[in-house]
Structures are given as C-alpha cells and as structure tokens.
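Everything numeric in this text was worked out from a predicted model, so none of it was measured. Position 1 is the first residue of the sequence, and the numbers go up from there.
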Amino acid sequence: MPDYKQISPTLSVIQKDNIFAIPITHYNMEMAGMVRMAFRDLQPDCVAVELAETMSLQLLHAASRLPDISLIVSQGRNQEPVYYLAEPCDAAFEGLRSALEGGVRAFCIDLDVDLYPEFREPFPDPYAIQRIGLQNYYELYRKTQQFYLSPKIQLDIDREMYMAKRLKELSFSYERILFVVGMSHLEGVLAAIDNSSFPSLNHVQRQSVQLCTLSEKSAREVMAECGWFSSKYEELRQELIEADLHPPHRAAELAFPPNRQKLIFDLFKVASEKYIASSGHSFPGYNMRNLMKFARNYALTTNKLMPDLFQILSTAKGCVDHNYAYEVWDLATTYPHLKNVDNLPELDLTIQQVWGNSKIIRFHLKQPGRKANGGFQKRKDKSKFTFQPPGPFGICSYPPEDVTVENFGDFLKKKGVQLMTEEGARVAPFVTSLEDGIDTRETIRHWFERKLYVKVKGKPPGGVGSVVMIFNDEEFEDMQSADKYPWKATWLGEHSQESDMAFFATPLAGNIVGPGISRCEYGGFMMSYPPRRMRDIWNDPDYAICRSKAEVLLVAAIDYAVKPMVVYVASKPPRSAIKSFAQRYGKKVIYIPIGQLSPIKINKIRIFHVLDGFQRRPVAGDYIY
C-alpha cells in the first residue's frame with residue numbers, strides 16, 4: 001500500500017522519503033489541476049516530470065510559452081514524425097510551467113525511446129477526482145489493473161529504471177521533489193529507487209528536435225482538451241494565482257480545477273444564444289434538459305462520467321439540429337491564446353497525423369435561401385413593405401404552411417392513439433393465437449410454468465378530437481403581463497381538410513418580410529376537428545378562470561373535442577384540475593413531453609406567415625423561405 005500524504009481534501013500525494021509523487025494521466029484538465037494544487041501546497045524546491053530528457057530544452061521552452069500551444073517535432077528511427085503537444089491541460093507540462101513560474105528547478109527525467117507501442121489502458125473517468133479525490137481514484141486504477149495482468153514490456157522497465165536513477169540523484173541535492181509520473185509507472189519507479197545499482201541505459205539518437213506551433217485551424221482539431229475547456233482552465237488558473245497574492249480566504253473560495261459538468265452546461269448555454277441570433281429559432285428550456293440528460297447517458301454507454309467532444313457535438317445534433325451543433329463546435333474549439341509572439345514555425349496538422357485514427361463528425365447546415373440573401377433586390381429594404389389588413393377577416397395564412405401544420409397534427413393524433421394503445425396493452429398466456437407477438441420477458445419470468453406469454457394490445461377509447469401544442473409554456477404564467485406572444489386569435493378552417501385553430505403568437509405586424517407578408521412565431525396553438533365550429537376562445541367568459549394562455553387552449557380543446565382523446569404537447573404536464581375537468585366531460589388528456597419530438601420539426605412548424613389578403617398568395621412564395 002503506498003504511503004499517502006494528505007495535502008488537501010481532494011488531493012493526496014504518495015511520499016517516499018523526500019520524493020512526493022503525483023500519479024497522472026496525460027492531457028486532461030482534472031489531472032493538470034491536481035498538479036497545480038500539489039505544487040501550490042507542497043512548495044517543492046524541484047519538479048521532475050515523465051518527459052524525455054533529451055528534449056528538455058525544447059520541452060521547457062514549450063512550457064514557458066503556455067498558454068500558447070507548442071509542438072515539439074522530431075523523427076523516429078524509421079523517419080516517422082514524433083510529436084509532443086504542449087497545452088495547458090496536460091499534467092506534465094503543468095508541472096514544468098508551475099516550476100518555471102515559481103522559480104523552481106525543473107527536470108525532464110524520462111528515457112527517450114523509439115518505436116514505443118500505443119497502449120490504451122482502461123482508466124476511470126478523471127472527472128471522478130473532484131468527487132472522490134486523487135487517492136481513491138488511484139486506488140480504483142490499481143484495482144482495475146489487477147484484471148489486466150499482462151507483463152510490462154522491456155521499454156517500460158528501462159524507462160522506470162532510468163527515472164528511478166535520476167530521482168535518486170536529484171534526492172541528494174533537493175529536499176522536496178515533486179514527481180509527476182504516469183499511473184502505470186509510479187509503483188515501478190518508486191520500488192526501483194531503493195536499488196543500489198542501475199543498468200547503463202542510453203537515449204535514442206535523434207537527428208533534430210524542433211519547436212513549432214499550430215495554426216488556428218489545426219489547433220481546433222488537434223488539441224487534446226478542446227479550446228473551451230483549456231481556456232476556462234487558464235482563466236481560473238490565473239484567478240487562483242492572483243488570489244494567492246491576497247488573504248488566504250480569497251483563494252479558498254475558488255474551486256480548482258473547473259467543474260467539467262458546469263463547463264459543458266455553460267457551453268450549451270452560450271451556444272444557444274449564438275444559435276438564436278444566427279438562425280432566428282428559439283431555444284426553449286426543455287432543449288437544455290434534453291442536452292444534459294442525453295450527454296450524460298451517452299457518456300455512460302462508454303463507461304465515462306462526462307462526454308468527450310465527439311459525444312457533446314453528437315448530442316447537440318440529436319437534441320437540437322445541425323446548426324446548433326455547429327455553434328457548439330465553434331465555441332468548443334475556439335482557443336483565444338494562440339499568439340505566437342516568438343514567430344515559431346506554424347504547422348497545419350490533422351488530428352489523424354497527431355493522434356491517429358479518430359471519429360469524424362459532419363454538419364449539414366441549413367442556410368437561408370437565395371431569396372433571403374437578397375436574390376430579390378426589393379427585399380433588401382424591408383422599410384418599403386407594409387402590412388395593412390383591410391379588416392379582421394382580411395388576413396389569411398400561407399397554404400403550404402397550413403399543410404405542414406395539418407400533417408403534424410395528424411402525426412400527433414396517431415402518436416396519441418399509439419400511446420393509449422400501449423397503455424392498455426396486457427400480457428396473456430398463449431392459447432390459440434400469438435396475438436401481437438411473444439413477450440420474451442414475461443415468458444422467462446414464468447419459465448417454471450412451461451408456458452409462452454404473448455402481448456395483447458389494448459384498444460384506445462375512440463379517436464383524437466383536438467391537439468394542443470405549447471412551445472414556451474414556462475415563459476408566461478401571468479395572463480395579464482406583457483410577454484413575447486401578445487397576439488391571440490382564432491382561425492376557422494377554409495375547407496373540410498383543415499381544422500379550426502386557436503393560437504397565441506408574436507405581434508401580427510412585428511416582422512414584415514414582404515409586401516403584406518408578416519413573419520410570426522407561435523407560442524402555442526390548438527387544432528380541433530371537424531372545422532368551422534370554434535368561437536373566439538380568447539374572449540369566451542367560460543375560460544376566464546384559466547391561469548395561462550396554455551390552459552385556455554387546453555380547456556378549449558377539451559370543450560370542442562368531439563372524440564374522447566385530447567393530445568397535449570408541452571414541456572410540463574397539465575394541472576390535475578384540468579385533468580379532472582376533462583374526466584367530467586368524458587375526455588382524456590394524453591400528455592406528450594415536447595422534448596420527445598424532433599427539434600428540427602418543431603422549429604419548422606412554430607414559424608408561420610400571415611398575409612394581409614388572399615391576393616398575396618400568388619407572390620408570397622417569393623418572400624417566404
């Protein structure tokens with residue numbers, strides 16, 4: 001059992017005489033933060049790191065350039081390129097950087113070897129360090145290695161012997177040595193320090209070692225910890241350094257390293273603001289809930305607590321759309337500290353060149369059409385357009401959008417019927433018919449009976465009479481307060497294929513996009529079948545007791561439904577009082593969380609256009625995209 005020295009609630013180092021070792025994994029923010037805190041609290045007079053000794057000059061120069069990114073480039077025996085990437089979130093370079101900033105001697109003590117094989121050891125997620133501490137994390141790693149008892153290769157044995165030799169030499173000259181070493185080598189190095197003699201080992205001979213930097217494009221792709229995490233780590237690191245210059249309580253208030261889960265949340269949030277500005281779509285609260293939940297579950301499928309960049313981007317694509325995922329990627333990979341003030345050679349490398357095989361993600365961005373980009377000269381000055389309906393019965397909708405909404409309503413009706421059918425499903429022993437298929441789970445549960453069990457679908461109590469779609473019900477609890485959706489209207493279907501609709505939306509003439517054409521956004525709408533029956537629900541005294549516009553739509557949907565089911569789509573289910581109201585009239589409200597629906601489809605249907613007369617319909621297509 002290693003001899004631990006506790007230096008903070010979450011940080012313990014392993015002590016052997018005057019050597020204080022901190023086990024690390026390379027290129028992650030949590031480990032770099034542990035090294036920084038260990039240096040701060042231990043105040044060593046020497047730092048030794050697991051990096052090639054032959055490249056010490058270039059490695060120290062790279063550490064001095066941080067937070068700017070550096071790349072140490074050399075060639076192997078077969079002339080293949082060898083890269084060392086120096087970035088803020090690598091624990092070894094954090095050790096060198098802290099030593100240089102603190103005026104402490106720093107040494108690279110690893111044996112430089114060639115043709116070193118690529119290992120992929122199973123490590124616990126480093127995020128766990130912030131919850132369980134480094135000591136418990138390292139013990140988990142040691143237990144994990146008990147299941148992988150493969151012997152060490154000779155190159156690893158040689159490296160550990162060389163590092164042990166160098167540490168023993170340093171221990172004669174320095175009183176407190178902070179040793180930053182990979183977890184897989186720690187015990188081997190500390191055990192070998194007690195040797196009375198060491199074999200003669202030689203570094204591989206390299207023809208050249210060059211210090212370079214990365215282009216902005218390459219840094220977006222190559223950085224091990226993406227620019228968002230690295231820049232936030234750097235910001236908090238500087239705050240910690242400044243706080244150390246003031247009374248101790250200032251530094252104690254700073255949680256270091258940054259919480260990765262909060263950084264992911266902030267990334268999604270800031271990206272949503274850019275997405276709203278660039279696309280014109282809204283970003284309701286349920287999107288954020290879906291993003292965080294999906295990202296967590298996606299990470300768990302790969303035995304991690306927090307998602308990597310690929311999983312973050314895949315989450316953004318799946319839970320919102322490709323345009324939002326692009327905004328997340330742009331924010332996540334932007335790194336503002338690329339200065340190259342010393343004019344190092346700038347390399348443009350791909351992720352495959354530096355890290356080998358990697359996953360690829362592509363974005364299929366939805367761009368505004370040619371007409372939106374000024375393809376029609378008359379669209380450039382919107383101030384020339386007016387919207388003057390002759391009266392309350394003069395405005396009309398745009399037919400292609402009506403078809404889209406009606407099709408979506410049909411989809412919701414089918415989904416509601418399907419949910420009710422599944423709710424009424426049951427399992428029965430097989431007698432004469434397989435019904436809707438064998439229920440494997442129930443059959444195994446009753447295996448001792450030697451019977452097959454089959455699924456029997458339930459029959460829904462009739463069809464769907466009304467559909468209610470609420471996009472932003474969390475934004476307007478007070479009916480009397482000013483909000484984003486002040487326009488309230490009731491529209492009757494123009495023919496038998498259309499439903500009656502009531503809705504609340506953005507102002508009627510708030511966004512004029514063409515002559516007599518206004519672009520609006522639904523806050524919510526209700527559709528009831530058959531058409532041409534609905535009164536103006538917004539001025540109906542029967543609904544005056546409703547607490548919000550969303551409740552007005554739902555109560556009216558129950559009231560006007562000629563079939564026993566009402567589908568209600570929103571981010572929150574209706575109040576129990578509304579459900580009781582529906583039961584009194586023989587209706588049932590089927591709630592569907594809006595987060596279960598496609599965000600791309602939702603963004604498409606929530607935008608609609610209003611024309612100030614039927615004469616606008618032939619030309620409306622020139623201005624609507």
query = Between L309 and F229, is a side chain to side chain contact (heavy atoms under 4.5 Å, CB included) present by the stated rule, with each step listed?
reply = CA-CA 10 Å; L309 180 59; F229 296 125; over 6 Å; no

ask   = Rounded to the nearest 0.5 Å, what separation is found between the CG atom of L140 and the CG atom of D125?
value = 11.5 Å

message = Within this structure, what is the NE2-OG distance for the pair H322 and S279, rounded to the nearest 0.5 Å?
response = 14.0 Å

ask   = Which word best sums up how the rings of Y138 and Y141 line up, parallel for under 30°, tilted for 30 to 60°, or perpendicular for over 60°?
value = parallel

ask   = Does D45 use its side chain to pair, donor to acceptor, with the backbone of E175 at less than 3.5 Å?
value = yes

The single option from Q6, M37, Q135 passing side-chain contact (heavy atoms from CB on, under 4.5 Å) against L11 = M37

S314 side chain near I361 side chain, heavy-atom distance below 4.5 Å = yes

task = Take atom CZ of F107 as the centre, draw a 6.0 Å sphere, and report whether it contains more than 12 heavy atoms from other residues, nucleotides or ligands.
result = yes

key: All side-chain contact (heavy atoms from CB on, under 4.5 Å) counterparts of I607, not counting sequence neighbours   = R519, E521, H609

message = Assess, by modelled atom type and distance only, whether the side chains of Q238 and E242 contain a donor and an acceptor separated by less than 3.5 Å.
response = no

ask   = Should K16 and D3 count as an ion pair when the cut-off is N to O under 4.0 Å?
value = no

remark   = To the nearest 0.5 Å, atom OH of Y4 lies from atom CG of N136 at 8.5 Å

query = If you measure only the distance, is there a donor-acceptor pair under 3.5 Å linking the side chains of S282 and R606?
reply = yes

Note, I276 side chain near E327 side chain (heavy atom, < 4.5 Å) = no

request  = Could I get the full list of ring pair (Phe, Tyr, Trp, His ring centres under 6.0 Å) partners for F20, not counting sequence neighbours?
outcome  = none

query = Could you go step by step and tell me if F123 and M183 meet the side chain to side chain contact (heavy atoms under 4.5 Å, CB included) rule?
reply = CA-CA 10 Å; F123 285 98; M183 291 191 176; 4.2 Å; yes

query = Does one side chain, of Y162 or E53, offer a donor that lies under 3.5 Å from an acceptor on the other?
reply = yes

ask   = Hey, does the side chain of R97 reach the backbone of P88 with a donor-acceptor pair shorter than 3.5 angstrom?
value = no

request  = Could you give me the CA-CA distance, side-chain angles and deciding distance for R36 and Y233, then say whether side chain to side chain contact (heavy atoms under 4.5 Å, CB included) is met?
outcome  = CA-CA 11 Å; R36 175 61 197 172; Y233 173 87; 4.2 Å; yes

request  = Take the angle between the ring planes of W355 and Y27 and call it parallel below 30°, perpendicular above 60°, tilted in between.
outcome  = perpendicular

query = Any side-chain heavy atom of L66 sitting closer than 4.5 Å to one from E234?
reply = no

query = Going through the distances and angles, do E94 and S98 end up as a side-chain hydrogen bond (donor to acceptor under 3.5 Å, both in side chains)?
reply = CA-CA 6 Å; E94 176 60 67; S98 296; 2.6 Å; yes

inquiry  = I'd like to know if D266 pairs up with K232 as an ion pair, taking the criterion as any Lys NZ or Arg NE/NH1/NH2 lying under 4.0 Å from an Asp or Glu carboxylate oxygen.
reply    = no

ask   = For residues T302 and Q311, is any side-chain donor paired with an opposing acceptor at under 3.5 Å?
value = yes

Candidate pair S12 and L134, rule side chain to side chain contact (heavy atoms under 4.5 Å, CB included), full reasoning = CA-CA 6 Å; S12 296; L134 183 59; 5.8 Å; no

request  = For the residue pair T213 and E346, confirm or rule out a side-chain donor-acceptor distance under 3.5 Å.
outcome  = no

query = More than 12 heavy atoms of other residues, nucleotides or ligands under 6.0 Å from NZ of K274: is that the case?
reply = yes

inquiry  = Has Q353 got a side-chain atom pairing as donor or acceptor with T350's backbone, closer than 3.5 angstrom?
reply    = yes

inquiry  = What I want to find out is whether R220 reaches D330 closely enough, with some N-O distance under 4.0 Å, to be called a salt bridge.
reply    = yes

key: Point-to-point distance, once rounded to the nearest 0.5 Å, from CD of E216 to OG1 of T333   = 9.0 Å

task = Quick one: closest heavy-atom pair of L347 and S218, and the distance?
result = O-CB, 3.9 Å

message = Using only atom types and a distance under 3.5 Å, with no angle test, would you say the side chain of E225 pairs donor to acceptor with the backbone of M29?
response = yes

message = Side chains of S208 and Q75: any donor to acceptor distance under 3.5 Å?
response = yes

message = Is it the case that the side chain of E87 and the backbone of C226 share a donor-acceptor pair, with hydrogens and angles ignored and the cut-off at 3.5 Å?
response = no

ask   = Does atom CD of Q154 have more than 12 heavy-atom neighbours from other groups under 6.0 Å away?
value = yes

remark   = Taking every heavy atom of V35 against every heavy atom of L178, the minimum-distance pair comes out as O-CD2, 4.5 Å

ask   = What is the minimum heavy-atom distance between P44 and F39, and which atoms define it?
value = CD-O, 3.5 Å

ask   = Quick check: does any side chain N or O of K304 sit under 3.5 Å from a backbone N or O of A299, one acting as donor and the other as acceptor?
value = no

key: Atom pair CG (L51) and CG (D90), whose distance is rounded to the nearest 0.5 Å   = 7.0 Å

message = Are the side chains of F179 and R166 in contact, using a 4.5 Å heavy-atom criterion?
response = no

inquiry  = Using only atom types and a distance under 3.5 Å, with no angle test, would you say the side chain of R65 pairs donor to acceptor with the backbone of I69?
reply    = yes

Interatomic spacing from CD1 in I264 to CH2 in W228 - rounded to 0.5 Å = 11.5 Å

ask   = In chain order, what residues pass the ring pair (Phe, Tyr, Trp, His ring centres under 6.0 Å) check against Y275, with sequence neighbours excluded?
value = Y324

query = Minimum heavy-atom separation for H61 to L211, with atom names?
reply = ND1-CD2, 3.1 Å

